[in-house]
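Throughout, protein chains are lettered first and strands after them, A, B, ... in sequence-line order, and every chain is numbered starting at 1. From a predicted model like this one, the values you see are computed outputs, not experimental measurements.
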Amino acid sequence: MELGAIGSAKPPAFSFISPIIVSIPIAARKARRSGVARREGFVREPKKDLSRILRTEAAVLGVERKSGSGKHRNLWPRAVLEALDDAIASNRWESALKIFGLLRRQHWYTPKGQTYARLLMMLGKSRQPDMAASLFQIMISEGFKPTLDVYTSLVGAYGHSGLLDKAFETLDEMKTISDYKPDVYTYTILISSCCKLHRFDQIPTLLREMSYLGVECSVVTYNTIIDGYGKAGKLEEMENSLSEMLESGSCLPDIFTMNTVIGAYGKSGEIDKMESWYSEFQHMGIEPDVNTFNILIRSYGLAGMYEKMDAVMKFMEKRFFSPTVVTFNIIIDCFGRMGNIEKMEHFFRSMKYQGLKPNSITYCSLVSGYSKSGFLEKIPLIIRQIENTDVDLDTTFFNSVINAYGQSGDIIIMEEMFSLMKEKKCIPDRITFATMIMAYCKRGMVEAVQELEIKMHQMDEKVLGPS
DNA sequence: ATAGGGTTAG
């Protein structure tokens, strides 16, 4: 089972495998040193010390409770700030705003630009542009003079929540005030919003504007553009941007560039291009990391190239590159798609054996894998298994369960699962409805389809309407 | 300010 043997049997493999061999030891050491594995959930449990966890959790709960009432003006700074961090980090925008309200009433409170910037970005991510706008107003009325990064965050909040016009308006406003001249961060955030909204027409415009104003692109700017084109399947445009970056002379590609580019080619099945860019980047001195290998495994798996998938896995093992939860999830998903249930189960066992904790995504892939091969009887067992762990059943998981029964035509069980989903406080989304509608359609259940379509519209109105 | 795992359809 030598890697070289695989390489010589299949010519293209060699060009890809051999550069890896040379470089892995360094990369492996680096990855371990930089704690990549830990962040990936490789370690069983995060190594926070217990006293901190207890203190924080109690404080957060306490603060969140108090933030509802208007009375408390004398809380411990640290508790409030930690609670705020926690809420922002997990995107709980409603409780973050409540805690922020509490924070503003503390006698020790002084407004900070950073806090505003983080809140604004969070509101953008949660698609709450109105909230972002009023937070900005509150800030002004507090007499706080916004800083450049607060203004940039407002651009991001509008952009990420889909209000591109407002984002551009804010940018124009910034250009007229000398203290808030947009910088490379401002433009990069705006470019990333344009990419997410598929407004690629705006990218050349923004780049021209930048060069006119003397704002130079950074690696991040280029990476953002490359990723935008890559995700949209615009691979030619992606390569053009990559060439521009390489020819710019001002910034060098990094590991983000590498993973973005090979991921884009891998996802679209262009394995040859993926491999040649892989070695190209290596020649430029960029070392692969765990994520790189995850991308390779996934790409080979999607392309049905089992030997190469296996080769990368063996390779990681040999070089002490620890697989992460993500690695296993990818492998399990690929074997499930291929209909290779034995391998799928083998890797699920081996994941647990290595002390890695399956998460909701793992179970989702198992359900899809079983359902693809017609082993529906395994699904209740999985649900029971999850209930014995601290993994939360989530909407996506139920979507895959509902899809499994919908595809097999077990309408009754599908509906039972829909009830169970709501019982477990998982909110159905448009995919849930689309999945069920399909199942009803196949059986010609017209009334049930109409009923669900009404429910779906109601849901849309709830989301789009004023909050 | 950027990459890297999941659910529907086509």
Engineer: Only pairs at least two apart or in different chains count here, so list each salt bridge (Lys or Arg N to Asp or Glu O under 4.0 Å) that has a residue in residues 178-193 of chain A.
Structural biologist: A:Lys145-A:Asp179
Engineer: Under 3.5 Å, is there a donor-acceptor pair linking the side chains of A:Glu270 and A:Trp277?
Structural biologist: no
Engineer: Base, sugar-phosphate, or nothing for A:Phe397, non-hydrogen atoms under 4.0 angstrom?
Structural biologist: base
Engineer: Rounded to whole angstrom units, what separation is found between the CG atom of A:Leu171 and the P atom of B:dA1?
Structural biologist: 18 Å
Engineer: For the pair made of CZ in A:Arg430 and P in B:dT8, what is the distance, rounded to whole Å?
Structural biologist: 16 Å
Engineer: Checking only heavy atoms, does the side chain of A:Asp394 share a donor-acceptor pair with the base of B:dG6 at less than 3.5 Å?
Structural biologist: yes
Engineer: Please map the stems of DNA chain B, keeping only stretches of three or more Watson-Crick or G-U wobble pairs with both distances under 3.5 angstrom.
Structural biologist: none
Engineer: Side chain of A:Thr188, heavy atoms from C-beta onward: which of B:dA9, B:dT7, B:dA1 has the nearest atom to it?
Structural biologist: B:dA1
Engineer: Nearest-Å distance, CZ (A:Phe398) to P (B:dT8)?
Structural biologist: 16 Å
Engineer: Please work out which residues in residues 226-261 of chain A have a non-hydrogen atom less than 4.0 Å from an atom of DNA chain B and list them by number.
Structural biologist: A:Asp227, A:Lys231, A:Phe256, A:Asn259, A:Thr260
Engineer: With sequence neighbours excluded, tell me which residues meet side chain to side chain donor-acceptor pair (under 3.5 Å) with A:Ser360.
Structural biologist: A:Asp394
Engineer: For the base of B:dG6, is there a side-chain donor-acceptor partner from A:Asn399 under 3.5 Å away?
Structural biologist: no
Engineer: When the side chains of residues 205-219 of chain A are checked against the rest of the protein, which donor-acceptor pairs come out under 3.5 Å, sequence neighbours left out?
Structural biologist:
residue  : atom : partner  : partner atom : Å
A:Thr205 : OG1  : A:Asp201 : O            : 3.4
A:Glu209 : OE2  : A:Lys175 : NZ           : 2.8
A:Glu209 : OE2  : A:Tyr187 : OH           : 2.7
A:Ser211 : OG   : A:Arg208 : O            : 3.3
A:Ser218 : OG   : A:Val220 : N            : 3.3
A:Ser218 : OG   : A:Thr221 : N            : 3.3
A:Ser218 : OG   : A:Thr221 : OG1          : 3.1

Engineer: Could A:Arg92 and A:Asp86 be called an ion pair, given the rule that one side-chain N must be under 4.0 Å from one carboxylate O?
Structural biologist: yes
Engineer: Does atom CD of A:Glu236 have more than 12 heavy-atom neighbours, drawn from other residues, nucleotides or ligands, at distances under 6.0 Å?
Structural biologist: no
Engineer: If you measure only the distance, is there a donor-acceptor pair under 3.5 Å linking the side chains of A:Thr327 and A:Thr324?
Structural biologist: yes
Engineer: Does any N or O donor sit under 3.5 Å from an N or O acceptor when you compare the side chain of A:Ser365 with the base of B:dG6?
Structural biologist: no
Engineer: Whole Å only: how far is the CE atom of A:Met313 from the C1' atom of B:dG5?
Structural biologist: 15 Å
Engineer: Between A:Phe200 and A:His198, is the gap from one ring center to the other below 6.0 Å?
Structural biologist: yes
Engineer: Would you give me the side-chain donor-acceptor pairs under 3.5 Å for residues 409-417 of chain A, sequence neighbours excluded?
Structural biologist:
residue  : atom : partner  : partner atom : Å
A:Asp410 : OD2  : A:Ser408 : OG           : 2.7
A:Glu415 : OE2  : A:Tyr440 : OH           : 2.4

Engineer: Nearest whole angstrom, please: distance from the C1' of B:dA9 to the OH of A:Tyr440.
Structural biologist: 18 Å
Engineer: Look at all strands and tell whether A:Thr327 reaches a base, only sugar-phosphate, or nothing, counting heavy atoms closer than 4.0 Å.
Structural biologist: nothing
Engineer: Whole-Å distance between B:dA9 C1' and A:Asp429 CG?
Structural biologist: 13 Å
